[in-house]
Amino acid sequence: MQFGHFDDEAREYVITTPHTPYPWINYLGAQDFFGLVSHTGGGYSFYRDAKLRRLTRYRYNNVPVDDGGRYFSINDGGDVWSPGYRPYKTELDSFETRHGMGYTRITGARNGLEASVLLFVPVDVNAEVHRVEVTNTSDAPKSFSLFSFLEFNLWNAEDDQTNYQRNLSIGEVEVVDGAIYHKTEYRERRDHYAVYGVNAPIAGFDTDRDTYLGFGNGFDEAAVPHAGKAGNSIASGWYPIASHQLEVELAPGESKAFTFVLGYLENPRDDKWEAPGVIRKDGARELLARFATDEQTLEEFARLNAYWDGLLGSYTVESGHEKLDRMVNIWNQYQCMVTYNMSRSASFFETGMGRGMGFRDSSQDLLGFVHLVPERARERIIDIASTQFEDGSAYHQYQPLTKRGNHTLGSGFNDDPLWLILGVAAYVKETGDFAILDEQVPFDNDESKAESLMEHLKRSFDHPLNNTGPHGLPLIGRADWNDCLNLNCFSTEPGESFQTTGNRTGGVAESVFIAGMFAAIGPEYVALARRRGDDAEADRAQAAIDEMKAAVTEHGWDGEWFLRAYDYFGNKVGTHETQDGQIWIEPQGYCIMGGIGVEDGKAVKALDSVRERLNTPHGIVLLNPAYTEYHVELGEVTSYPPGYKENAGIFCHNNPWVIIAETVVGRAEHAWEYWKQIAPAYREEQSEVHRLEPYVYAQMIAGKDAVRHGEAKNSWLTGTASWNFVTVSQYLLGVRPDYDGLVVDPCIGAEVSEFTVRRVVRGATYVITVTNSGGKGASLVVDGTPVEGSLVPYAEPGAVVEVVATV
Ligand code: GLC
Ligand code: GLC
């Protein structure tokens with residue numbers, strides 16, 4: 001069952017009913033100002049930090065769900081409705097929401113009146129624009145009232161939900177020339193304010209929530225829109241809101257458009273007043289003047305669309321398979337951008353108050369983002385590396401505003417260091433900017449401890465080597481990629497964080513997965529050292545990798561698959577010898593990506609085991625059998641009910657590792673089948689099972705042991721986005737930048753018999769036409785000349801290179 005459809009030409013997903021199984025959302029903004037918006041208009045806005053600069057209020061965990069948003073209400077002769085259906089839930093004659101690249105258009109119609117709300121954040125503007133177009137589709141004149149509404153958050157989203165004894169007394173606003181200014185705490189230590197204005201004369205306004213709603217009412221019962229008359233209220237404490245009333249008259253067939261602008265402004269601390277107690281407003285006036293006419297608004301919207309044309313132009317495919325094309329050309333890249341911007345902060349599953357930027361998460365997010373805006377990737381790399389410690393370990397998270405490491409969570413996640421190497425390698429391959437390796441980058445944000453980025457990578461590489469256990473495998477620390485495999489934690493107190501509790505330093509618990517990472521990512525370090533002419537270092541590193549591979553072969557193999565780990569007592573994890581958790585997905589993918597077992601048949605054997613024991617029609621589960629009891633020696637993974645999250649859920653983040661591993665052993669059909677199982681566009685037809693947005697990946701789909709097998713949770717902000725883009729673009733379609741050229745090495749099911757990839761990299765364009773029979777090892781003809789191997793050397797900027805590949 002579907003609740004909408006894709007419109008690929010417009011790069012939109014079109015939702016045709018308000019009654020989706022969950023709010024299906026979109027993101028506005030790409031730089032500093034962001035909004036989340038559901039298909040019925042719910043959501044909120046913030047400036048840079050979803051916790052500390054929250055502009056509007058939203059209620060997580062509320063009943064009804066998705067409460068709080070930008071609500072436009074129409075009172076047409078006493079009939080009150082909203083084009084987004086919510087909050088009134090008045091039946092509409094038509095409803096449609098189009099989620100596009102950085103914008104959403106919500107259109108509803110009732111009784112001969114159509115209202116369409118276009119929401120977007122213009123490029124490089126710290127504001128959210130709400131363009132409301134109303135059309136009289138009847139043959140009689142219409143006159144009606146239009147009300148805007150949003151509710152201000154008192155800036156700090158967490159405090160806003162907890163500190164009522166203070167907060168209910170501090171709300172302050174100003175209303176000047178029809179614009180509503182939110183200035184809570186501006187009188188003391190804040191130098192920023194918000195404004196909500198409109199480019200038309202208003203008939204009234206409200207800023208006090210109780211006046212607007214009527215005390216005790218829900219948004220659906222809002223008193224002012226029902227009365228058809230604003231209260232002109234000025235908030236004093238309690239709950240500041242912003243609502244305008246516009247009186248609109250439309251002849252038959254006539255349309256009018258209004259632009260509402262929600263802006264965030266900062267003033268210089270020593271010059272923030274216009275008169276005593278009155279905010280200095282020149283910034284807001286300039287902002288509103290940019291949207292004074294509808295032409296201006298539409299120009300800004302066109303600029304946003306052009307920005308996305310540019311971004312999405314560096315990797316496109318035409319295959320004749322529309323689901324594949326739309327994932328690659330539009331939605332997967334879009335999700336990579338959003339994930340990169342948000343990290344794991346604000347979604348409908350992340351409250352924007354919790355996590356900072358993850359060292360491992362952000363390093364992996366780079367993989368799917370670096371081709372979009374390489375300059376921003378460069379900055380991010382420096383930020384991430386600056387939170388590394390001198391021994392190569394790292395703060396697990398850092399705060400985006402201060403860029404400082406997060407002390408509460410600390411360090412000790414022993415996979416972290418290696419991800420930095422992978423992110424930097426992806427950046428250098430994409431750009432050829434080897435100079436970044438010479439950048440001086442602090443350790444622990446201390447400038448006096450700055451060393452070159454290359455030195456950081458060395459410390460990253462050496463960290464697992466300096467921290468090995470009894471089998472010569474890397475110690476796991478608090479956890480590796482799997483945050484919930486806590487082998488040193490031993491928590492028995494309810495509510496304790498598995499990520500910060502305990503961490504006994506037995507020096508025994510080892511991770512086969514980190515060993516696999518070392519084998520797969522280590523060679524990037526070798527390649528960089530070699531290119532810098534440091535052969536001795538490259539040789540040393542290669543020898544260490546070979547030794548690690550040997551340790552995995554000797555101590556990391558269970559007979560039919562790779563072991564997962566050794567626990568605190570030196571017992572095996574992920575072995576047929578235990579009752580539950582016999583086989584885990586992560587080492588099967590990563591060890592084979594590192595080339596382990598490819599020659600001696602272990603790799604194929606492990607992948608066959610994955611297929612037999614972990615695969616389902618909804619994706620590959622993380623482990624099997626699911627744990628049915630809590631194991632204190634394994635930690636959080638066993639805390640989840642069977643089939644959910646890390647306890648045998650389908651973690652869409654690591655399915656790609658198995659898919660890439662299948663391409664390593666050349667099994668194109670398996671790779672293609674596994675990719676399609678979790679790709680949202682391919683799951684669209686079972687939206688009633690999947691339940692979340694069919695245009696973006698979710699972190700998890702419930703596994704086969706779960707009651708609700710096939711149901712997704714935690715959409716949007718997940719490393720799944722970048723790993724799936726890497727997988728489909730670089731391994732299935734097989735076009736990936738390397739240091740000296742573009743590798744063309746497709747490995748995709750025969751179903752995709754012909755395709756053309758257009759890749760712009762380092763200023764040149766490569767048009768790669770592939771004829772595919774479903775194997776591996778393409779023969780290449782570059783500009784008419786056959787070449788050996790799979791590398792197409794980089795051409796001069798501006799060049800167009802024609803590649804013909806036959807598999
Ligand atoms: C979450 C975390 C990520 C971790 C994964 C597996 O997605 O953000 O860092 O690797 O869970 O536990
Ligand atoms: C929880 C989640 C896991 C996440 C971790 C860190 O353990 O289950 O997926 O990675 O928190 O925030």
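We count ligands from 1, going down the list as the structure has it; atoms in each ligand are counted the same way. Reckoned from all heavy atoms, side chains included, excluding hydrogens, waters and symmetry mates.
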Fill in: Carboxylate-amine/guanidinium contact Arg344 Glu350, below 4.0 Å
no
Worksheet item: Just heavy atoms, cut-off under 4.0 Å: does Asp361 contact ligand 1 by side chain, backbone, both, or neither?
Response: side chain
Worksheet item: Between Arg611 and Glu673, is the closest basic N to carboxylate O distance under 4.0 Å?
Response: yes
Worksheet entry | Contacts of Val508 that satisfy side-chain contact (heavy atoms from CB on, under 4.5 Å) - sequence neighbours left out | Pro470
Fill in: ligand 1 contact by Thr718, heavy-atom criterion under 4.0 angstrom
no
Response to the item:
Note: ligand 1 atoms sitting under 4.0 Å from heavy atoms of Arg360 are 3 (C), 4 (C), 9 (O), 10 (O)
Discussion item. I'd like to check the side-chain contact (heavy atoms from CB on, under 4.5 Å) partners of Ala515; sequence neighbours left out, ordered by chain and number.
Written reply: Leu473, Pro474, Met548, Val552
Worksheet item: Among His653, Met700, Glu646, Gln499, whose heavy atom sits nearest atom 11 (O) of ligand 1?
Response: Glu646
